[in-house]
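For reference, the structure discussed in these notes is given below.
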Amino acid sequence: MYKYFLLLLLSLLSCNYKKNELTLDIQGHRGARGLAPENSIPGFILATELGVTTLEFDLVVSKDKRLIVSHEPFFSPHFCFDSTENEIPEDSVINIYQLTYDQIQKFDCGSKGNDRFPDQELMTTNKPLLNHVIDSVESYVSSKKLHSMRYNIELKTTKSTDSIFHPSPAEFSDLVYEFLLNKDILEKVTIQSFDFRTIQYFHRKYPEVKLALLIENELSWNENIDSLGFNPEIYSCYYQLLSQKSIKEIQEAGMEVIPWTINEAADMQQLISWGVDGIITDYPNRALDLIK
């Protein structure tokens, strides 16, 4: 009897391990920001090599309507040098939406480093085109015979900065959808945004696209979903806003729960034990170590 019970227990543990290993969505935040320059092709390749299931990154738009991978719609003085390789003043705002792609490529956002992430490898790198990111990652995955990569793409829009730092949500969304359609990667992509208008526009015009609602406010998940007007595929909030109870409620409402941005192993372990569907992290190596 004891031997039978032991075999059953080992079997259940094995099943749980395989479930976590195979189904937990480990997303490299801005590539692998803790280890390499954020939103850079070297960072995306590193995250892919480590074994993430999804690359998470942000999009802005240039003056010549090119899709640029960048978190801010400007050059951050905290980790970028200007086009003449000099420091960017703290009070300076260099608006990417007012620069062409060729001008943007002259800025270095990798060799200065980021004080918040001392383990980052320093290297000269720029803000890449979305096209270059996808081509580089897909080529790497193919050459190394790795699993197919997914992309969680955030559109950076706010009502107060429409037509100043970015196009309107409709124009921005149309640019992105056209790119994804032409690249034939729609089935690999999730579109995410803090801007309810952007998520609502995609839901109305491109219902086939998987959507994630980003949340950092302290309203209940019900209130946020009521304001949005529909249930997106993913509810993605700051991880400290979640509890085991709220995770279960959100999942019972038909949504996945993929919080951001979790960097400490203890927090990752708790969220995994609470049943989240994925983790967005600057240190994908830490998350992958937990499940492997």
Side-chain angles (χ1 to χ4, degrees), residues 13 15-36 38-40 43-58 69 71 114 116-117 119-120 137 141 146-154 188-194 199 210-218 221 224 232-292:
L13 288 172
C15 288
N16 287 335
Y17 168 80
K18 291 183 182 296
K19 179 179 185 296
N20 282 341
E21 182 181 31
L22 296 176
T23 65
L24 190 68
D25 187 7
I26 303 299
Q27 301 197 10
H29 185 236
R30 307 186 200 178
R33 182 169 60 156
L35 307 172
E38 68 176 65
N39 284 324
S40 69
F44 295 129
I45 296 300
L46 174 60
T48 302
E49 189 176 52
L50 287 170
V52 301
T53 46
T54 301
L55 293 173
E56 190 274 353
F57 54 85
D58 318 85
V69 179
H71 181 259
N114 187 326
R116 292 178 57 200
F117 302 98
D119 295 334
Q120 260 190 20
V137 172
V141 166
L146 303 175
H147 63 77
S148 179
M149 187 58 59
R150 290 192 53 82
Y151 304 97
N152 186 12
I153 303 175
E154 180 182 350
K188 296 182 177 184
V189 169
T190 298
I191 294 296
Q192 61 175 349
S193 185
F194 287 100
I199 298 298
K210 188 174 184 178
L211 300 175
L213 179 64
L214 289 170
I215 291 294
E216 59 184 343
N217 64 58
E218 296 187 5
W221 70 268
N224 283 317
E233 285 79 7
I234 299 169
Y235 191 85
S236 186
C237 66
Y238 181 46
Y239 77 98
Q240 290 189 356
L241 298 174
L242 289 171
S243 65
Q244 189 169 15
K245 179 176 181 290
S246 64
I247 291 169
K248 183 179 180 182
E249 289 174 348
I250 296 166
Q251 290 171 334
E252 287 177 345
M255 293 172 280
E256 296 178 21
V257 180
I258 303 180
W260 54 271
T261 298
I262 310 101
N263 289 335
E264 299 303 323
D267 295 324
M268 295 176 186
Q269 187 63 64
Q270 181 178 64
L271 287 159
I272 291 171
S273 71
W274 284 353
V276 294
D277 298 285
I279 284 176
I280 300 173
T281 176
D282 293 312
Y283 296 93
N285 54 320
R286 297 175 184 176
L288 290 162
D289 284 345
L290 276 179
I291 65 173
K292 290 180 180 178

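Note: hydrogens, waters and symmetry copies are ignored here, and every other heavy atom, side chains too, is used.
In this structure a side-chain-to-backbone donor-acceptor pair under 3.5 Å is missing from Arg30 to Asp282. A donor-acceptor pair under 3.5 Å is formed between the side chain of His147 and the backbone N or O of Val52.
Looking at Val276 and Ile247, their side chains come closer than 4.5 Å, going by heavy atoms from C-beta outward. Leu213 has its side chain out of reach of Leu211: every pair of non-hydrogen atoms, C-beta onward, lies at least 4.5 Å apart. Under the 4.5 Å side-chain criterion, counting only non-hydrogen atoms from C-beta, Met255 is not in contact with Asp277. At a threshold of 4.5 Å between non-hydrogen side-chain atoms, the residues Leu35 and Leu50 count as touching. Within the 4.5 Å cutoff, the side chain of Val257 has no heavy atoms near those of the Trp274 side chain. Ile234 places none of its side-chain heavy atoms less than 4.5 Å from the side chain of Gln192.
Closest heavy-atom contact between Ala47 and Ala32: CB-CB, 4.2 Å. Taking all atoms of both residues into account, the shortest heavy-atom contact from Gly278 to Pro259 is O-CD, 3.2 Å. Contact record, Leu288 with Gly51: CD2-O, 3.7 Å, taken as the closest heavy-atom pair. Summarising the geometry of Glu154 relative to Ser193, their closest heavy-atom pair is CG-CA, 4.3 Å, with the distance given to 0.1 Å. The shortest non-hydrogen separation linking His71 to Asp58 is CD2-OD2, 3.5 Å. For the residue pair Asn39 and Phe44, the shortest heavy atom distance occurs at CA-CZ, 3.6 Å.
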- request: Verify side chain to side chain contact (heavy atoms under 4.5 Å, CB included) between Ile258 and Ile280, making sure each step is shown before the conclusion.
  value: CA-CA 7 Å; Ile258 303 180; Ile280 300 173; 3.8 Å; yes
- request: Start with the C-alpha distance between Asp119 and Tyr283, add both sets of side-chain angles, then the distance that settles side-chain hydrogen bond (donor to acceptor under 3.5 Å, both in side chains), and finish with yes or no.
  value: CA-CA 10 Å; Asp119 295 334; Tyr283 296 93; 4.7 Å; no
task: Any chance you could lay out the side chain to side chain contact (heavy atoms under 4.5 Å, CB included) test for Phe194 and Ile215, step after step, and finish with the verdict?
output: CA-CA 6 Å; Phe194 287 100; Ile215 291 294; 5.7 Å; no
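Aromatic ring pairs are classed by plane angle as parallel below 30°, tilted from 30° to 60° and perpendicular above 60°; the pair Tyr235 and Trp221 is perpendicular.
For the atom pair OG of Ser243 and CD of Gln270, the computed distance is 10.0 Å after rounding to the nearest 0.5 Å. Expressed to the nearest 0.5 Å, how far NZ of Lys188 lies from CG of Leu55 amounts to 11.0 Å. For the atom pair CD1 (Ile279) and OG1 (Thr54), the distance works out to 12.5 Å, reported to the nearest 0.5 Å. To the nearest 0.5 angstrom, Ile26 atom CD1 is 4.5 Å from Ile291 atom CD1. Between Gln240 atom CD and Ile262 atom CD1 the span is 10.0 Å, to the nearest 0.5 Å. To the nearest 0.5 Å, atom CD1 of residue Ile191 and atom OH of residue Tyr151 are 13.0 Å apart.
The side chain to side chain contact (heavy atoms under 4.5 Å, CB included) with Glu56 is formed by just one residue from the set His29, Arg150, Arg33; it is His29. Of the candidates Thr190, Asn152, Thr261, Thr281, Asn152 is the only one forming a side-chain hydrogen bond (donor to acceptor under 3.5 Å, both in side chains) with Gln27.
In Glu252, the CD atom is crowded: over 12 heavy atoms of neighbouring residues, nucleotides or ligands sit closer than 6.0 Å.
A salt bridge links Glu256 with Lys210: the closest approach of a Lys/Arg side-chain nitrogen to an acidic carboxylate oxygen falls below 4.0 angstrom.
Listed by chain and number, the residues in a side chain to side chain donor-acceptor pair (under 3.5 Å) with Asp267 are Tyr239 (sequence neighbours excluded).
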